[in-house]
> 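Quick one: the structure is below, questions incoming.
In what follows, every heavy atom counts, from backbone to side chain, and hydrogens, waters and symmetry copies are set aside. Chain letters run A, B, ... following the sequence lines, proteins first, then strands; residues in each count from 1.
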Number of protein chains: 2
Amino acid sequence: MADPPASSPSSSPPTSATRRRQARADATRLALIEAAVHEFAAHGFEGASTRAIATRAGTHQPQINYHFESKDELWRAAVDHVFAKLDAALAAHQIEGLGADEITRDRLADAIRAIVRAVAQLPELNRIMIQEATADSDRLAWIVERHTRGRYDLLAEAWGSLRRRRLVADIDETVVYYALIGASTLAYVNAPEARRLLGDHAIDDAFVEAHADGLVTMFLGPEPAAGGASAD
Amino acid sequence: MADPPASSPSSSPPTSATRRRQARADATRLALIEAAVHEFAAHGFEGASTRAIATRAGTHQPQINYHFESKDELWRAAVDHVFAKLDAALAAHQIEGLGADEITRDRLADAIRAIVRAVAQLPELNRIMIQEATADSDRLAWIVERHTRGRYDLLAEAWGSLRRRRLVADIDETVVYYALIGASTLAYVNAPEARRLLGDHAIDDAFVEAHADGLVTMFLGPEPAAGGASAD
DNA sequence: GTCTATAATTAGATAGAC
DNA sequence: GTCTATCTAATTATAGAC
């Protein structure tokens with residue numbers, strides 16, 4: 001979405017030297033984005049300094065204003081980057097998404113497991129989300145319209161469909177949305193706290209699997225009701 | 001815990017004037033703490049400025065260093081303040097706590113409802129907690145040992161007791177802790193986002209009650225199993 | 001105790017050499 | 001494109017009048 005700064009201003013043919021320069025520039029840009037993800041997640045937008053980001057990226061602070069218009073634009077590029085990684089992780093953890101076909105209890109169970117595994121390996125995304133969601137701002141408006149609303153609608157429709165068919169508990173979609181996101185992300189968002197509270201190795205792969213199973217039980221019940229449910 | 005600056009340096013008897021001065025000072029101190037709660041919750045420790053806190057408190061920025069040693073000490077006073085409010089809110093919403101006697105399913109259900117109602121009216125506490133928990137720091141160490149660990153132990157013991165007696169699903173205490181805190185707090189922590197996503201009045205009293213009921217259903221099941229459960 | 005003025009540091013952004 | 005040097009504005013904390 002953010003255009004890279006124009007690197008071929010006129011019609012000069014791409015020589016080997018300019019191609020190497022471009023590759024170096026792309027590497028710098030990516031390193032800045034990944035460093036920004038880490039720093040914004042840890043300290044919030046205002047708490048993260050562009051100097052710390054540049055140092056983590058192995059470059060110098062003015063590079064941020066060269067490759068991005070401003071700290072704000074770097075933040076947007078970082079957010080787009082982690083959401084792209086989320087979609088990749090979700091795709092890796094489940095064959096079909098929520099929206100593909102008529103939702104079933106088992107499909108939602110698979111989706112919940114996929115969400116838990118994905119957010120476990122991508123804690124920065126939900127750290128950034130929550131840092132921004134605590135106060136209204138232009139950044140919050142941007143992130144809600146660009147990344148949040150579509151995902152909310154998908155989950156709300158899936159839950160609503162199951163709820164109307166009595167395949168899940170009679171709980172409001174808005175309640176389920178925040179309960180599921182909160183219940184699935186907090187242990188990873190708060191991993192530094194969890195390490196102090198529970199020990200260094202408390203949030204490991206076994207925890208993630210127990211967490212996924214636990215949330216499926218909590219949100220979908222121990223077992224699908226045999227027989228009695230009738231469609232709307 | 002933090003001693004107020006000594007206001008009676010020698011043995012001068014308290015005149016009406018000095019008593020009025022002291023009352024004014026106490027009011028300034030409290031106004032600073034409450035403004036600090038708001039600003040730290042909205043912007044995090046590093047993102048909140050002492051000028052903004054002083055302005056919100058209706059006083060001037062150097063008052064912070066007079067009434068508190070530093071921004072850091074003000075933060076600690078603010079955290080103690082919101083945890084005291086949490087305890088008051090929890091006490092108002094339930095007769096007995098988790099630790100009073102042998103835990104029962106109904107007692108835990110009451111506790112969950114009390115937690116939801118309390119965190120709904122005190123979103124600043126969980127905003128501050130989550131802002132700090134995303135990165136390790138001296139502040140995180142302080143808050144975990146001073147405020148978090150005891151509450152974690154209480155809930156983990158209660159759940160473990162019910163779990164051993166097969167009165168709740170067989171889910172690990174650590175999973176339940178983060179799932180419950182996340183599921184109960186996120187809608188209020190993220191209220192600015194929820195307003196953009198769902199509309200201005202989505203997180204109202206009816207939501208809180210539906211939320212409380214929904215979490216009881218999710219964590220404790222729709223109904224206690226009649227008969228079959230045997231104690232350990 | 002509360003105020004104004006200011007010191008010392010650090011922030012994001014820019015200029016210009018190479 | 002990347003670097004060094006630096007500008008302007010904002011930060012926390014302190015000094016000193018009242």
> For His67(A) and dA13(C), give me the distance from atom NE2 to atom C1', rounded to whole Å.
15 Å
> Looking just at side-chain N and O atoms, do His60(B) and Tyr66(B) make a donor-acceptor pair shorter than 3.5 Å?
no
> Take the protein atom NZ of Lys71(A) and the nucleotide atom C1' of dT14(C), then report the distance between them rounded to whole Å.
17 Å
> Sequence neighbours left out, what passes side chain to side chain donor-acceptor pair (under 3.5 Å) with Asp153(A)? Give chain and number order.
none
> Determine whether the side chains of Glu157(B) and Tyr152(B) contain a donor N or O and an acceptor N or O closer than 3.5 Å.
no
> Enumerate the residues from residues 39-50 of chain A whose closest heavy atom to DNA chain C is under 4.0 Å, giving them by residue number; use none for an empty result.
Ala48(A), Ser49(A), Thr50(A)
> Please write out the pairs of protein N or O atoms and N or O atoms of nucleotides 3-7 of chain C separated by less than 3.5 Å, giving the distance to one decimal.
unit_1 : atom_1 : unit_2   : atom_2 : d
dC3(C) : OP2    : Thr59(B) : OG1    : 3.0
dC3(C) : OP2    : His60(B) : ND1    : 2.9
dC3(C) : O5'    : His60(B) : ND1    : 3.1
dT4(C) : OP2    : His60(B) : NE2    : 3.2

> For Gln22(B) and dT2(C), what is the distance between atoms CD and C1' respectively, to the nearest whole Å?
14 Å
> Restricting to salt bridge (Lys or Arg N to Asp or Glu O under 4.0 Å), what partner residues turn up for Glu124(A), sequence neighbours left out?
none
> Before giving the answer on side chain to side chain contact (heavy atoms under 4.5 Å, CB included), spell out for Met129(A) and Thr148(A) the whole-Å C-alpha distance, their side-chain angles and the decisive distance to 0.1 Å.
CA-CA 9 Å; Met129(A) 284 297 301; Thr148(A) 308; 3.5 Å; yes
> Find the distance Leu32(B):CG to dT12(D):C1' and express it as a whole number of Å.
15 Å
> Going by the rule side chain to side chain contact (heavy atoms under 4.5 Å, CB included), which residues pair with Gln121(A) if we only count those two or more places apart in sequence or in a different chain?
Ala89(A), His93(A)
> Could you pull out all residues at least two apart from Asp204(B) that satisfy side chain to side chain contact (heavy atoms under 4.5 Å, CB included)?
Ala206(B), Phe207(B)
> If the condition is side chain to side chain contact (heavy atoms under 4.5 Å, CB included), which residues does Asp213(B) pass it with, not counting sequence neighbours?
Arg113(B)
> Can a salt bridge be assigned to the pair Arg151(A) and Asp87(A) using a cut-off of 4.0 Å between side-chain N and carboxylate O?
yes
> Tell me which donor-acceptor pairs under 3.5 Å the side chains of residues 31-48 of chain B have, and how far apart each pair is, sequence neighbours excluded?
unit_1   : atom_1 : unit_2   : atom_2 : d
His38(B) : NE2    : Arg56(B) : NH2    : 3.1
Glu39(B) : OE1    : His43(B) : ND1    : 3.4
Glu39(B) : OE2    : Arg56(B) : NE     : 3.0

> Provide, to the nearest angstrom, the distance between the CG atom belonging to Asn65(A) and the P atom belonging to dT14(C).
6 Å
> Rounded to whole angstroms, how far apart are CZ on Arg20(A) and P on dG1(D)?
14 Å
> Do any of residues 129-143 of chain B sit with a heavy atom less than 4.0 Å from DNA chain C, and if so which?
none
> Listed by chain and number, what are the side chain to side chain donor-acceptor pair (under 3.5 Å) partners of Thr174(B), not counting sequence neighbours?
Asp172(B)
> Under the side chain to side chain donor-acceptor pair (under 3.5 Å) test, which residues partner Gln131(B), sequence neighbours left out?
Thr134(A)
> Expressed in angstrom and rounded to an integer, what is the separation of Phe68(A) atom CZ from dG12(C) atom C1'?
15 Å
> Between the two end axes of the helix from dG1(C)-dC18(D) to dC18(C)-dG1(D), each built from 5 base pairs, what angle do you get to the nearest 10°?
10°
> Rounded to the Å, how far apart are Tyr66(A) OH and dG16(C) C1'?
14 Å
> What I want to check is whether the side chains of Glu69(A) and Asn65(A) have a donor and an acceptor closer together than 3.5 Å.
no
